[in-house]
Amino acid sequence: MSDEEFMFDDGDDGEYDFEYEENSDSGELSLETKYYNAKTQREDDLSVALSEFAEVVAEDDKEGASEWGFKATKQTLKIQLRQSAGGQATQSQIFETYDRMLAYISKSIVARNYAEKSINNMLERVSLGMDSAFTREFYEKTLVVLKQTRNDRLWLRTSLRLGKLLLDQRDFGKLASLLDELKRSCLDDSGNVILERGTQLLEVNAMLLGMYVELEDARKLKDVYLESIGVRSAIPHPRIMGFIRECGGKMYMAERNWENAQANFFDAFKNYDEAGSPQRVQMLKYLVLASMLSESEVNPLSSPEARSYEADPEIIAMTKLVRAYEKQQVNDFERVLEDHSDAILGDRFIARFVDDLRRTFRMLTLQGMVAPYTRVRISSLAHRLRVDVAEAEELLIALILDKRLRASIDQENAILLLQQETTDESQYDAVSNWSSGLESMMKQALTILS
């Protein structure tokens, strides 16, 4: 649908165009007939249509407000919104017309459902075609009337629209106040989630998470995230849940909690995939990153959900990186990072953790390198890792302290000495446990026989 078709689309009206005859009793056209006559003028002459809609409104005011005055006002607003692009209608004229339309709604002149559809339709038009300052004032006017008429559902939806706009404008003070009011509307007097408003609470929390991400407030972000995943009385849109899990994944990455980050990115990927969001590809990249950092033995790209994205250019780069990581191929690993820097290092979030990834990869590779030896020069290991001797020694010390490597370092000669076990202690432990178990069974048997 083109912008012009959208501006005049009457799918929300539930109206049909008919030709009406003159009123046989009075000899004058009824308001209904005048309204539809004006409506047919929209395609031919907008100025004539505006004039005839104005006559309908004026006559309606004299006779007492009715649905035909409301519909004529709404059509006038549609035309003005279209004309505003060419400067034929001013913003003050649009607001004046919208105020009149809202007045009909506040007086309950039209049915609640029809009023709600009409407002929603106008909000869509304004959000697509007007500047942010105008849109913000339009939303704020709408919220006042929705609060007066106690239309909680549309008030929430419009408030979230306004919240998104305030977030884009980085007006965090106004946004925080709005979201606080929205959140309180989802809780009872005891502070517990109202059962039927769990979904709404998650939408509000998703907006809060977006704000705290922008403010880089890690503590509040974690509080809201933990609250969100604890909500059980909700069936949120997968896009909302995807964003909440994405924030959780990024939060855990900042804490270097790779396992939890991996789990959250996987959930975010599945939700975005279900919602058809392009964000799913980015989540898959983050999932692969977290999986490597957590030293998981499961390749996330082998899952059924991820397999269909293997041909994506950005995922191809991550696939090559995982392959080099799994095979502990140092040269290939560094070559992938260099050759695909746009797809990997071009992502600022991934770039933050590349040093962690290199360190994890090098420590794993070192473990594999030294396995066949009893002693090996650290300079040789450094050369194979493509790092200097000091860094290789630091990595070896970390492995020893983590008890991932049974070895010591001869620092005077720069040699790694691996401790070879002369006996298999695990076998001795197993035999000892078996012997103790057998002795216990024999004692039980003797007790029964006696």
Side-chain angles (χ1 to χ4, degrees), residues 1-131 133-135 137-139 141-142 145:
M1 182 183 293
S2 68
D3 291 342
E4 185 170 327
E5 288 173 328
F6 178 68
M7 279 299 180
F8 283 148
D9 176 47
D10 291 312
D12 63 314
D13 287 350
E15 299 173 6
Y16 298 90
D17 289 332
F18 296 105
E19 292 185 4
Y20 289 84
E21 297 179 357
E22 293 185 358
N23 189 307
S24 57
D25 296 329
S26 63
E28 295 178 357
L29 295 176
S30 68
L31 275 179
E32 182 179 4
T33 304
K34 287 182 177 180
Y35 168 76
Y36 281 109
N37 284 344
K39 197 172 176 184
T40 59
Q41 293 294 330
R42 295 178 313 174
E43 302 300 329
D44 301 323
D45 192 329
L46 291 179
S47 60
V48 172
L50 282 173
S51 177
E52 293 189 9
F53 281 132
E55 289 180 14
V56 172
V57 172
E59 190 172 334
D60 187 60
D61 287 341
K62 291 178 183 178
E63 297 182 2
S66 71
E67 65 172 316
W68 302 109
F70 173 80
K71 290 182 176 183
T73 302
K74 188 174 72 169
Q75 293 299 332
T76 300
L77 185 58
K78 290 179 181 180
I79 294 173
Q80 288 175 336
L81 286 171
R82 179 186 176 188
Q83 289 182 328
S84 65
Q88 296 165 292
T90 65
Q91 292 188 356
S92 61
Q93 289 175 319
I94 294 171
F95 280 130
E96 183 181 349
T97 304
Y98 191 50
D99 285 339
R100 187 165 65 245
M101 177 179 157
L102 292 175
Y104 279 100
I105 293 172
S106 63
K107 295 174 184 176
S108 302
I109 303 298
V110 293
R112 185 184 183 91
N113 285 344
Y114 179 56
E116 183 174 322
K117 289 180 181 179
S118 298
I119 288 178
N120 227 357
N121 184 270
M122 290 304 167
L123 295 176
E124 285 289 340
R125 295 168 192 272
V126 168
S127 64
L128 290 174
M130 306 300 288
D131 64 72
F134 177 89
T135 303
E137 187 173 351
F138 202 89
Y139 287 168
K141 282 179 176 290
T142 307
V145 173

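Position 1 is the first residue of the sequence; numbering continues from there. All values reported here derive from a predicted model rather than from experimental measurement.
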Polar side-chain atom of Arg42 near backbone of Lys39 as donor-acceptor pair, under 3.5 Å:
yes
Pairwise distance CG(Leu50) to CD(Gln41) - rounded to 0.5 angstrom
11.0 Å
side-chain contact (heavy atoms from CB on, under 4.5 Å) evaluation trace for Ile94 with Met130
CA-CA 11 Å; Ile94 294 171; Met130 306 300 288; 4.2 Å; yes
Does Phe70 have Lys107 sitting over its ring (NZ/CZ under 6.0 Å from centre, angle to axis within 45°)?
no
Look up atom CZ in Arg100 and atom OG1 in Thr73, then write down how far apart they are to the nearest 0.5 Å.
4.5 Å
Gap separating the CG atom of Asn120 from the CD atom of Glu116, nearest 0.5 angstrom:
6.5 Å
Do Ile119 and Tyr98 make a side-chain contact, defined as non-hydrogen atoms from C-beta onward lying under 4.5 Å apart?
yes
Can you tell me how far apart OG1 (Thr97) and CG (Leu102) are? Round to the nearest 0.5 Å.
11.0 Å
Closest non-hydrogen atom pair, Val56 against Tyr35
CG2-N, 3.9 Å
Separation of Phe53 CZ from Gln75 CD (nearest 0.5 Å):
4.5 Å
Any heavy-atom pair between the side chains of Lys78 and Met122 that's under 4.5 Å?
yes
Can you check whether Glu52 reaches Val48 side chain to side chain, under 4.5 Å on heavy atoms?
yes
Are Tyr104 and Asp60 close enough, and set up right, to give a side-chain hydrogen bond (donor to acceptor under 3.5 Å, both in side chains), and what steps lead you there?
CA-CA 11 Å; Tyr104 279 100; Asp60 187 60; 3.1 Å; yes
If we ignore hydrogens and angles and just use 3.5 Å, is the side chain of Ser51 paired with the main-chain N or O of Ser47 as donor and acceptor?
no
When every non-hydrogen atom of Ile109 is compared with those of Ala65, the smallest separation belongs to CD1-CB, 3.9 Å
Distance, nearest 0.5 Å, that separates NZ of Lys74 from CD of Glu67
10.5 Å
Polar contact flag, side-chain donor to acceptor under 3.5 angstrom, Asp131-Gln91:
yes
Using the six-membered ring of Phe95, assess whether NZ or CZ of Lys141 lies under 6.0 Å from its centre and within 45 degrees of the ring axis.
yes
Between Glu59 and Lys34, does any side-chain N to carboxylate O distance fall below 4.0 Å?
yes
At their closest point, which heavy atom of Val57 faces which heavy atom of Gly69, and how far apart are they?
CG2-O, 3.9 Å
In terms of heavy-atom contacts, Ala49 and Ala38 come closest through CB-O, 3.7 Å
Would you say the side chain of Ser30 lies within less than 4.5 Å of the side chain of Trp68, judging by non-hydrogen atoms?
no
I'd like to know whether Lys71 forms a side-chain contact (heavy atoms from CB on, under 4.5 Å) with Tyr114, so could you lay out the CA-CA distance, the side-chain angles of the two residues, the decisive distance to 0.1 Å, and finally the verdict.
CA-CA 11 Å; Lys71 290 182 176 183; Tyr114 179 56; 3.4 Å; yes
